[in-house]
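Report on the following structure.
One is the number of the first residue; the rest follow in order along the sequence.
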Amino acid sequence: MSFSFFRASSRSPRSALQSDLAKAIRDSLLALDSKTASKALEEVEKNIATMRQVLSGDGDAEPNPEQVSKLALDICKEDVLSLLVQNLPTLGWKARKDLVHCWCILLGQTDGSTHCCVDYLEKHVELLDFLVICYNNKEIALNCGSMLRECIKYPTLAKYILESASFELFFKYVELPNFDIASDALCTFKELLTRHETAVSQFLSGHYEQFFELYEKLLTSSNYVTRRQSLKFLSEFLLEPPNSQIMKQYIREVRYLKIMMALLEDSSKNIQMSAFHMFKVFVANPNKPPEIIDILSKNHEALLRQLHNLPTSKGGEDEQFDEERDLIINEIMRVSQLLNAVS
């Protein structure tokens with residue numbers, strides 16, 4: 001008498017395991033809500049470790065590209081990607097680390113001309129919102145940040161996050177009391193606003209008022225790190241060529257000039273110097289509107305005093321700063337004299 005389950009399989013145990021891995025991960029994740037959740041969690045974490053091995057190799061053998069591609073397709077087909085994200089808070093530290101590693105590989109897998117996991121996320125954008133919201137959970141915030149930055153590499157996913165309601169949460173996250181999480185959120189925020197220049201320029205054009213009203217709160221924050229980082233980043237991304245029209249609009253606004261003038265008087269020399277590099281663009285603008293000229297003229301004495309008090313150069317590398325400061329001082333004096341002559 002013979003029994004079917006003793007018969008030799010035509011597939012190797014490794015191939016059979018890989019073939020059923022997506023379903024095994026799905027079933028173990030679904031079992032987390034059962035009475036045997038503790039045992040199910042062990043299975044989930046073991047399956048995630050196996051998934052990492054399939055995607056990355058085991059040290060003795062390189063990953064098989066065909067098996068990696070098939071696993072990515074199966075994970076999408078079985079809705080495993082969704083279950084993994086939703087159950088991220090339940091996983092232990094090691095499993096979360098493995099998942100982040102796998103996430104980066106999975107998103108890069110292609111099926112023909114498309115990225116299958118990216119396509120899946122495009123159809124399940126609530127998962128992107130979930131990852132953003134998870135910055136509120138200090139246990140998984142850094143894992144979610146890594147996963148989000150991987151998503152941001154793909155234009156369609158970055159565009160969704162930029163235009164979603166959850167994007168505004170980053171203005172809160174960068175001021176979280178946990179320094180590591182706040183720094184990670186700032187890193188993700190910067191990535192969103194610099195990775196895809198054309199898309200970012202279009203976003204800022206369509207959401208100009210809303211975005212810069214929120215950004216103003218960062219520039220005027222009571223938190224020194226927030227003020228310094230947001231000011232430095234503002235000058236970096238506004239001075240990018242694709243954002244030239246946004247910059248031209250920004251430097252025509254009195255409210256933002258006043259912010260830079262206030263930051264020139266900050267107690268921190270670092271913030272003063274960063275503020276100068278934004279302030280100089282307002283002053284050097286050859287098409288300054290009358291309101292800007294009026295503010296510069298009325299406050300010229302205080303501005304000249306503040307500019308003269310900025311740190312002096314110590315060598316050749318700072319000569320450009322000295323030249324720029326002198327040009328700005330001369331321009332403020334010029335517009336002030338011009339306005340006085342007219343009046």
With side chains defined as the heavy atoms from C-beta onward, is the minimum distance between [X] and [Y] less than 4.5 Å?
X    : Y    : result
H300 : L296 : no
P89  : N137 : yes
L99  : N143 : no
L88  : C144 : yes
N299 : M261 : yes
I329 : R325 : yes
E253 : F212 : no
M147 : R96  : no

Side chain of [X], backbone of [Y]: donor and acceptor closer than 3.5 Å?
X    : Y    : answer
S235 : K232 : yes
S201 : T198 : no
R52  : C102 : no
K288 : V283 : yes
R228 : S274 : no
S69  : P65  : no
Q109 : I105 : yes
T114 : D111 : yes

Write down the atom of [X], the atom of [Y], and the distance for their closest heavy-atom approach.
X    : Y    : value
Y256 : E213 : OH-N, 4.0 Å
I152 : I161 : CG1-CD1, 4.2 Å
A158 : H196 : CB-CD2, 3.6 Å
S268 : D266 : N-OD1, 2.8 Å
A22  : D74  : CB-CB, 3.5 Å
L121 : C151 : CD1-SG, 4.0 Å

Chi angles and distances behind the side chain to side chain contact (heavy atoms under 4.5 Å, CB included) call for L231, M278: CA-CA 8 Å; L231 179 58; M278 278 300 299; 4.3 Å; yes

Distance-only polar pair, side chains of E216 and T220, donor-acceptor under 3.5 Å: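 Short answer, no.
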
Could you state the interatomic distance from [atom1] ([X]) to [atom2] ([Y]), rounded to the nearest 0.5 Å?
X    : Y    : atom1 : atom2 : answer
L83  : S28  : CG    : OG    : 9.0 Å
L142 : N178 : CG    : CG    : 7.5 Å
N309 : L304 : CG    : CG    : 11.0 Å
D79  : I25  : CG    : CD1   : 13.0 Å
I292 : I251 : CD1   : CD1   : 8.5 Å
L310 : L264 : CG    : CG    : 6.5 Å

Candidate pair Q245 and Q249, rule side chain to side chain donor-acceptor pair (under 3.5 Å), full reasoning: CA-CA 6 Å; Q245 292 303 314; Q249 186 174 353; over 6 Å; no

Stepwise side chain to side chain donor-acceptor pair (under 3.5 Å) test for Y173 and D184: CA-CA 9 Å; Y173 293 153; D184 192 273; over 6 Å; no

Salt bridge or not between [X] and [Y]? Use side-chain N to carboxylate O under 4.0 Å.
X    : Y    : result
K298 : D294 : yes
K217 : E175 : no
K39  : E42  : no
E191 : R149 : no
K123 : D119 : no

Is there a continuous path of hydrophobic side-chain contacts, each under 4.5 Å between heavy atoms, that joins [X] to [Y]?
X    : Y    : result
I332 : V254 : yes
I133 : V85  : yes
L234 : Y208 : yes

Candidate pair F189 and Y135, rule ring-ring contact (aromatic ring centres under 6.0 Å, His included), full reasoning: CA-CA 12 Å; F189 183 69; Y135 264 116; over 10 Å; no

Within the 6.0 Å centroid threshold, strictly below: Y215 and Y250: no

Ring center gap for F211 and H207 short of 6.0 angstrom: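 That pair fails the under 6.0 Å test.
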
Working for side chain to side chain contact (heavy atoms under 4.5 Å, CB included), residues Y160 and D129: CA-CA 9 Å; Y160 172 78; D129 292 317; 2.6 Å; yes

Would you say that more than 12 heavy atoms from the other residues, nucleotides or ligands in this model lie under 6.0 Å from the [atom1] of [X], or not?
X    : atom1 : value
M333 : CE    : no
E66  : CD    : no
K190 : NZ    : yes

F167 and F170 aromatic ring geometry - parallel, tilted or perpendicular at 30°/60° bounds: tilted

K153 and L107: CA distance, side-chain angles, deciding distance, side chain to side chain contact (heavy atoms under 4.5 Å, CB included) verdict: CA-CA 10 Å; K153 292 179 180 179; L107 262 61; over 6 Å; no

F233: ring pair (Phe, Tyr, Trp, His ring centres under 6.0 Å) partners, not counting sequence neighbours: F237

L91/I48 under side chain to side chain contact (heavy atoms under 4.5 Å, CB included): CA gap, chis, key distance, verdict: CA-CA 10 Å; L91 302 179; I48 290 175; 3.8 Å; yes

Summary of ring pair (Phe, Tyr, Trp, His ring centres under 6.0 Å) pairs that have at least one residue in residues 99-128, sequence neighbours excluded: H115-Y154, Y120-H124

